[in-house]
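Below is one structure, written out as structure tokens; the observations come after it.
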Amino acid sequence: MSRVTIPIGPQHPALHEPEHFQIFVEGEIVVDVKPRIGYVHRGIEKALENRTYIQGAFLVERVCGICSNAHQCTFMMAAEEAGGIEISEKASFIRTIVAELERIHSHLLWLGAAGLEIGFETLFMYVWRDREVVMDLLEAISGNRVNYAMNILGGVRRDISPELADKIRKGLDYLEERTNYYKKLCLEESTIRKRTDGIGVLDPITGVKLGATGPTIRASGIKFDVRKNDPHLKYDEADFELITWDTCDTFGRVVVRVLETIESIKIIRWCLNHMPKKGDIMPEKLIRRVPEGEAYARFEAQRGELVYYLKSNGTDKPYRVKIRTPTLANILSVAELLKGSYIADVPIALASIDPCFSCEDRITFVDVEKEKAWTWTREELRKYSREFNEREKRW
Amino acid sequence: MSKKKTQIKKEEKLLEELKSALGPQLEEAYIKRPRRIHIRVKPGAHRKAVEYMRDNWELWHVSTITGVDLGENIEVIFHLWRFKEPQTAIMVRTMVPKSNPKLETITDILPSSNLYEREVHDLLGVVFEGHPNLERLVLPEDWPEGVYPLRKEWQPAQQEGE
């Protein structure tokens with residue numbers, strides 16, 4: 001049978017971010033996949049070298065809108081370890097709470113989006129309605145629905161009062177009830193099972209060899225979770241289970257995320273009950289300089305292992321920051337797990353790793369007929385925008 | 001506290017193993033804190049170190065590869081993770097001169113380093129010899145050849161308003 005190439009993306013069918021996959025098919029079956037990333041590479045690592053730690057803290061949040069806190073927290077953890085800066089007990093608890101609330105919001109967002117992928121729109125509506133509860137809690141803590149700006153060198157910027165803690169407990173009760181319902185739904189509802197069973201299979205040995213992380217590898221039965229293996233914040237004390245599933249397919253990835261949401265609720269409850277009532281949340285004087293040193297920080301973001309390497313030189317700007325997001329680690333595996341699946345299953349199988357492509361400030365245009373690509377400068381972009389607005393008479 | 005000590009003791013054993021496996025090719029080895037082992041090897045010996053860990057420790061996971069511009073040289077750090085107990089991160093460092101930044105690939109030993117090597121090649125210009133496909137990863141296709149944005153001498157053009 002002859003081989004046909006299908007381009008998928010850069011406008012991605014699943015998760016509204018640009019990436020490109022060349023899919024080679026024979027008949028209905030995918031035989032090979034070539035990923036192409038970098039459409040949104042914004043040069044943040046370089047930008048961080050020219051900005052102070054304080055400015056950088058707010059820049060790294062923009063690496064990804066959904067795991068913004070994970071990025072900021074890991075950046076701060078790396079800087080604190082490099083410079084030997086201690087954070088207070090209470091700040092550590094608050095960081096853990098926000099990290100887990102963010103995980104709940106992200107996993108629910110994904111579950112809804114997955115419902116949409118498999119044509120189960122009622123699930124999408126229900127889950128996103130319930131997700132508003134956790135969004136409200138995050139807004140109550142930080143004042144913002146996304147980009148919480150909670151972390152600062154040596155602590156966090158906002159406290160959780162006993163009244164707020166009660167509000168969070170109430171919200172968690174509701175979320176727990178609903179997540180248990182989704183757990184029952186995912187395990188029993190045939191609409192979900194028929195569209196996810198045996199799709200996008202990643203066997204554990206291949207997964208480990210290709211460096212997969214997060215729910216992607218845990219759904220293949222591998223116990224790889226930074227919170228347990230390399231505990232940061234309060235995870236070594238908190239009481240929770242490391243969730244794995246052994247079906248190795250998209251169904252497993254759905255279940256792992258739903259069960260992890262329940263574990264996150266447990267962690268937040270534990271934190272609220274054990275958090276010291278009094279204590280500083282940040283140093284009295286804002287820390288601007290980080291003593292010379294280096295650190296390697298790992299964080300279990302929603303999508304998997306998030307890694308920061310930071311080298312400081314005693315000034316108020318980092319010498320070098322390296323960021324590795326979990327999606328990059330999962331790309332090789334996704335190319336592998338798509339092989340052998342039907343074309344119609346490609347969107348949900350791609351979405352099953354919860355991809356997040358955020359990476360440089362540029363726009364590239366491709367003229368297919370002339371096989372030519374070029375980049376627009378900021379000026380050209382501005383000119384185009386002006387012309388566009390005039391044309392549309394928006395002034 | 002004792003948990004920390006037993007972890008460090010186990011890691012010291014790993015470090016001894018590496019010392020005897022690598023011999024004089026190992027330049028520096030230390031444990032910075034629990035679960036952070038650092039070793040520095042001579043250029044070229046990184047392959048031997050990585051191969052030893054894969055064959056004896058079943059270590060497959062490359063977390064990432066960092067390139068750091070240190071002026072004359074570029075330091076390449078392989079961040080690895082050991083799944084077996086005692087679980088720990090291992091940093092394998094080596095140095096390449098900036099005038100001739102060439103290093104042998106480890107993709108044939110640990111396939112998960114594939115994209116990370118391409119990224120370091122893209123942004124710092126380190127050529128990983130023997131890599132199956134050392135194409136651009138994150139930079140646009142029309143980015144000029146020989147310009148590496150993460151090197152210290154490269155600075156972005158000033159934009160209006162900065």
Side-chain angles (χ1 to χ4, degrees), chain A residues 35-41 43 45-47 49-50 81 205-213 217 222-224 226 228-231 236 293-296 298 305 307-309 311 319-325 328-329 331-333 359-364 366 372-375 377-379 382, chain B residues 3 32-36 38 54 58-70 75 77 79-83 85-91 110-116 118-120 122-124 133 135-143 149-152 154-157 159-162:
Chain A
R36 164 81 174 89
I37 60 167
Y39 290 95
V40 274
H41 191 265
E45 286 178 23
K46 186 74 181 181
E49 291 175 13
N50 297 327
E81 194 189 323
I205 295 167
T206 315
V208 168
K209 286 188 179 173
L210 296 180
T213 75
I217 192 77
I222 301 288
K223 289 191 170 179
F224 183 43
V226 181
K228 283 280 186 203
N229 306 146
D230 188 9
D236 52 344
E294 61 163 9
Y296 174 61
R298 297 167 78 236
E305 176 202 33
V307 163
Y308 269 64
Y309 168 83
K311 193 176 171 70
Y319 183 79
R320 171 85 169 96
V321 184
K322 161 84 190 181
I323 307 169
R324 201 277 278 133
T325 59
L328 187 62
I331 285 288
L332 289 175
S333 315
C359 311
E360 185 185 302
D361 183 13
R362 71 201 169 84
I363 298 182
T364 302
V366 180
K372 196 183 146 205
W374 68 96
T375 307
T377 64
R378 187 160 149 172
E379 261 318 300
R382 189 176 283 172
Chain B
K3 209 169 139 196
K32 210 174 159 214
R33 70 164 175 87
R35 297 187 299 275
R36 295 288 183 275
H38 293 253
R54 184 197 67 181
E58 292 169 40
L59 185 148
W60 287 97
H61 188 79
V62 181
S63 284
T64 192
I65 302 171
T66 308
V68 186
D69 182 354
L70 296 175
E75 185 176 47
I77 313 170
H79 304 273
L80 313 171
W81 179 257
R82 187 184 140 110
F83 272 55
E85 286 296 332
Q87 298 196 335
T88 173
I90 300 152
M91 288 9 114
L110 301 178
S112 54
S113 69
N114 188 324
L115 294 178
Y116 309 133
R118 278 174 65 184
E119 193 185 1
V120 175
D122 224 8
L123 300 170
L124 278 142
N133 171 28
E135 279 176 23
R136 285 257 157 91
L137 183 74
V138 289
L139 292 180
E141 284 87 353
D142 59 353
W143 185 267
L150 278 185
R151 289 196 182 179
K152 287 287 174 187
W154 188 88
Q155 284 298 331
Q159 298 278 4
E160 209 181 304
E162 272 187 293

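All of these numbers come straight from a predicted model, not from anything done at the bench. Chain letters run A, B, ... following the sequence lines, proteins first and then strands; every chain starts at 1.
Taken to the nearest 0.5 Å, the CG atom of Leu137(B) stands 6.5 Å off from the CG atom of Leu328(A). One finds the CD1 atom of Ile323(A) at 11.0 Å from the OG1 atom of Thr66(B) (value rounded to the nearest 0.5 Å). We find the CD-OG distance between Glu305(A) and Ser63(B) to be 3.5 Å, quoted to the nearest 0.5 Å.
Proximity to chain A is absent for every atom of Glu135(B), based on heavy atoms less than 4.5 angstrom apart. Looking at Arg118(B), neither its backbone nor its side chain comes within 4.5 Å of chain A, counting heavy atoms on both sides. Only the side chain of Thr213(A) comes within contact range of chain B, with heavy atoms under 4.5 Å apart. Lys311(A) touches chain B through its side chain: at least one heavy atom from C-beta onward sits under 4.5 Å away, while N, CA, C and O do not. The contact between Glu45(A) and chain B is made by backbone and side chain atoms together, counting heavy-atom distances below 4.5 Å. The contact between Ala212(A) and chain B is made entirely by backbone atoms, counting heavy-atom distances below 4.5 Å. Proximity to chain A involves both the backbone and the side chain of Trp154(B), based on heavy atoms less than 4.5 angstrom apart. Contact annotation for Pro149(B): only backbone heavy atoms (N, CA, C, O) come within less than 4.5 Å of a heavy atom of chain A.
Each of Ile65(B), Thr64(B), Ile77(B) was checked for a side-chain contact (heavy atoms from CB on, under 4.5 Å) with Tyr309(A), and the lone residue meeting it is Ile77(B).
Gly211(A) and Ser112(B) make their closest contact through N-CB, 3.6 Å (heavy atoms, listed as atom of the first residue, atom of the second, distance). Minimum heavy-atom separation, Leu332(A) to Pro111(B): CD1-O, 3.8 Å.
Contact tally against chain A (heavy-atom pairs below 4.5 Å) for Thr88(B), Val62(B), Asp69(B): the top residue is Asp69(B).
Electrostatic pairing of Arg36(B) and Asp230(A) counts as a salt bridge here, judged by a charged N lying under 4.0 Å from a carboxylate O. Contact check on Glu81(A) versus Arg33(B) returns a salt bridge, with a Lys/Arg side-chain nitrogen under 4.0 Å from an Asp/Glu carboxylate oxygen.
Within the 4.5 Å cutoff, no side-chain heavy atoms of Asn229(A) are placed close to those of Arg35(B). Looking at heavy atoms from C-beta onward, Glu294(A) lies in side-chain contact with His38(B) at the 4.5 angstrom threshold. You'll find the side chain of Asn50(A) reaches within 4.5 Å of the side chain of Gln155(B), heavy atoms only. Taking the side chain as every heavy atom from C-beta outward, His61(B) and Val208(A) never approach each other to under 4.5 Å.
In this structure, Arg54(B) has no side chain to side chain donor-acceptor pair (under 3.5 Å) partners at least two apart in sequence or on a different chain. Scored by the ring pair (Phe, Tyr, Trp, His ring centres under 6.0 Å) test, Tyr116(B) finds no partners at all (sequence neighbours excluded).
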Fill in: CA sep, side-chain torsions, deciding dist, call: Leu123(B), Lys46(A), side-chain contact (heavy atoms from CB on, under 4.5 Å)
CA-CA 10 Å; Leu123(B) 300 170; Lys46(A) 186 74 181 181; over 6 Å; no
Practice prompt. Could you walk me through whether Arg320(A) and Glu75(B) pass salt bridge (Lys or Arg N to Asp or Glu O under 4.0 Å), step by step?
Written response: CA-CA 12 Å; Arg320(A) 171 85 169 96; Glu75(B) 185 176 47; over 6 Å; no
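Cation-pi geometry between Lys152(B) and Tyr319(A) is met: under 6.0 angstrom from the ring centre, within 45 degrees of the axis.
Lys322(A) places no side-chain N or O within donor-acceptor distance of the main-chain N or O of Val68(B), the cut-off being under 3.5 Å.
The aromatic rings of Tyr296(A) and His79(B) lie parallel to each other, with less than 30° between the two planes, well short of the 60° mark.
Applying the 6.0 Å contact sphere to CD1 of Ile205(A) captures no more than 12 heavy atoms from other residues, nucleotides or ligands.
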